[in-house]
Amino acid sequence: MSESLLSVANLRKSFGALLVVDDVTFDVAGGEVLGVMGPNGAGKTTMLNLVSGALAPDGGRVVLAGKDVTRVGVVGRCRRGIGRTHQVPRPFERMSVFENILVGATNGGGTHRGRERYRLANGAIERAGLSGKANRLAGSLPLLDRKRLELARALATAPEILLLDEIAGGLTEPEVQKLVELVLELRASGLGIVWIEHVVHALMATVDRLMALTYGRVIAQGDPQEVMESEELQHAYLGTVAP
Amino acid sequence: MSAHAAATPDPAGAPAGSGSGPRVRRSARFGWISFVIFAVVVALMALVPVTESVGNINNLTQLLILIVMGVTWNLLAGYAGLVSIGLQAFIGLGGYILLDLADNNAVQPFVALALTALLCGVVALVSSFVVFRLRGGYFAIGTWVVAEVFSLITQQINSLGGGSGTSLDALSYLEPITRLKDVYWAALICAVITLVGVYWLLRSRTGLALTATRDDEDGARSLGVRSTLTRRIAYTVAGIGCGAAGGLLLMSNLDIVPSSAYSVNLSAYMIFIVLIGGLGTIEGPVIGAVVFWYIQLEFASDGAYYLIALGALAVLMTLVLPGGIAGLIRRVTHVDPFPVGYTLASEEPTSGGAEGP
């Protein structure tokens with residue numbers, strides 16, 4: 001956790017008069033998982049879109065591996081190693097699962113060729129738990145498999161930073177356990193991970209640090225246990241400070 | 001919790017013990033049969049001028065031009081998600097560029113045909129910077145506007161015959177029969193190049209990126225797909241194909257008038273061909289072109305009733321048979337004769353088929 005792989009400073013974004021992301025600053029090192037919590041509408045997904053490059057910020061900087069990528073678009077950031085999943089899955093419905101993942105392996109981080117991209121795609125299928133469904137049309141998948149497909153595609157881009165947007169929601173308990181293991185495994189392989197999640201115990205089992213957002217502002221950041229017990233977080237969720 | 005000492009460099013994690021990697025199949029079972037049939041048909045078509053009468057040669061030239069147009073429109077609408085009703089811009093332009101090169105600049109007509117196609121590709125590339133600012137229905141209409149602009153500009157150029165049109169003289173060095181045969185062969189070559197070229201493009205990495213962009217542009221971009229560049233390539237290829245079709249139309253008809261060279265009817269024909277044949281399939285537009293060509297040949301003399309019947313048939317087909325004739329054949333036979341996708345061979349039994357509905 002020496003130097004940060006991803007460094008986000010004073011990120012700001014408003015839609016019209018509404019300030020959605022307000023002065024958000026955090027760092028993620030390789031081999032580190034940062035959990036992000038916050039009530040609905042807190043600006044978590046918008047913050048992720050600013051990091052992935054899907055949205056351009058109104059202010060602030062995004063630095064990846066020492067290089068300022070604030071002005072690099074989503075395509076360039078993916079190719080430089082930022083992979084992400086979408087909260088609402090966006091499969092290529094008329095293509096097979098394998099082809100969906102191959103798009104990531106072909107165009108993402110490594111822009112891999114020939115057999116190498118097949119191996120990458122196949123590995124992502126197994127890791128995301130889609131074995132046996134590779135040749136099915138993505139449009140025919142149920143929601144849960146669509147979420148798995150999101151993860152598989154992101155992994156196939158060979159990211160250094162992985163942005164996960166609520167991938168545990170809807171999973172059964174054993175499935176959550178497998179997901180936790182996978183995230184820990186990815187962390188061990190040196191990836192930096194930012195994970196937005198409402199399934200708190202999954203977060204607590206994996207994250208090194210926790211960040212809490214509400215109304216676009218960081219209200220607490222640091223040791224997961226301390227953040228969970230902080231007055232600010234309880235206030236944000238319950239609207240009142242516990243006695 | 002972290003007993004994970006060995007760091008794998010590859011985040012997607014190659015499966016343990018997979019030395020050679022997964023086996024990926026890109027051709028259908030007995031896929032060679034489609035290619036043998038294709039080769040035989042092309043060979044027979046190449047022999048047509050030796051055996052057929054003059055009238056049939058010209059008719060078949062028209063069929064080949066329809067195939068070029070249909071395949072081109074299908075590339076955009078079926079694989080790139082770019083529905084355009086303005087590709088006649090490049091058909092008309094193709095005719096007029098050929099006219100100018102051959103008649104006004106003494107370029108050998110068949111050389112001029114190749115140049116025409118390439119120049120139309122360049123114009124398509126440049127115009128994409130304008131029309132790609134539009135999306136969906138606005139793109140469809142916007143490209144039509146471009147075609148109308150080209151038409152209006154052409155009408156102002158007196159050396160090209162202005163609004164009342166003109167005829168191509170450069171081919172008059174050939175005996176009429178020789179001319180018909182040579183133009184036929186040129187059309188056959190163009191049709192084969194278009195088919196093989198589009199098939200190759202769709203099987204390439206660009207093809208994969210193109211279909212991903214078609215299904216979800218933002219999703220594709222988040223996976224590193226240069227979606228705009230990919231679409232630009234497809235639009236440029238469409239410009240080349242339509243330019244060739246326009247040049248061939250002039251070489252076959254010998255007359256050209258802006259109002260018909262840039263007519264929106266040409267787009268209606270292309271849409272009809274692709275819908276009847278099967279959107280988003282390789283063989284669909286060829287089948288559709290044959291059907292349309294036959295209907296035109298048999299019933300065009302019936303005037304308005306012919307057009308009404310054509311429209312009714314198109315509506316009926318989209319309601320009853322959304323996949324067109326090619327879609328029906330695929331559903332019945334479970335065979336994709338010209339696959340462009342990827343199948344993971346280790347999971348074959350679960351595979352229902354490769355591509356598209």
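Computed from heavy atoms alone, side chains included, the values below leave out hydrogens, waters and symmetry copies. A, B, ... follow the sequence lines: proteins, then strands. Residue 1 opens every chain.
When the shell of 6.0 Å around CZ of A:Arg61 is examined, it contains 12 or fewer heavy atoms from other residues, nucleotides or ligands. In B:Tyr138, the OH atom is not crowded: 12 or fewer heavy atoms of neighbouring residues, nucleotides or ligands sit closer than 6.0 Å. With a 6.0 Å radius and a threshold of 12 heavy atoms from other residues, nucleotides or ligands, B:Arg26 has its CZ atom above the threshold.
Using a distance-only test at 3.5 Å, with no hydrogens or angles considered, a donor-acceptor pair links the side chain of B:Asp215 to the main chain of A:Glu93. In terms of modelled atom types and a separation under 3.5 Å, the side chain of A:Asn135 and the main chain of B:Thr343 share no donor-acceptor contact. No donor-acceptor distance shorter than 3.5 angstrom exists from the side chain of A:Arg153 to the backbone of B:Leu223, with no hydrogens or angles considered. Between the side chain of A:Arg115 and the backbone N or O of B:Pro22 there is at least one donor-acceptor pair closer than 3.5 Å.
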Check the pair A:Arg136 / B:Glu347 against side-chain contact (heavy atoms from CB on, under 4.5 Å), numbers first and verdict last. CA-CA 10 Å; A:Arg136 282 177 56 176; B:Glu347 296 190 5; over 6 Å; no
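Once rounded to the nearest 0.5 Å, the distance linking CG of A:Asn107 with CZ of B:Arg226 reads 8.5 Å. A:Asn122 CG to B:Arg23 CZ: the interatomic distance, rounded to the nearest 0.5 Å, is 12.0 Å. A distance of 4.0 Å separates CZ of A:Arg94 from CZ of B:Arg214, quoted to the nearest 0.5 Å.
What you find for B:Leu344 and A:Ala134 is that their closest heavy atoms are CD2-CB, 3.7 Å. Of all heavy-atom pairs spanning A:Arg117 and B:Tyr342, the tightest one is NH2-OH, 3.4 Å. A pairwise comparison of heavy atoms in A:Cys78 and B:Ser222 identifies SG-O, 3.5 Å as the closest pair.
Within the 4.5 angstrom heavy-atom criterion, atoms from both the backbone and the side chain of A:Tyr118 approach chain B.
Every residue meeting the salt bridge (charged side-chain N to carboxylate O under 4.0 Å, His left out) condition with B:Glu217, not counting sequence neighbours, appears here in chain and number order: B:Arg135, B:Arg231.
Between A:Thr106 and the choices B:Thr206, B:Val225, B:Leu208, the side chain to side chain contact (heavy atoms under 4.5 Å, CB included) rule is met once, by B:Leu208.
Proximity of B:Val24 to A:Leu102: side-chain heavy atoms (C-beta onward) are nowhere separated by under 4.5 Å.
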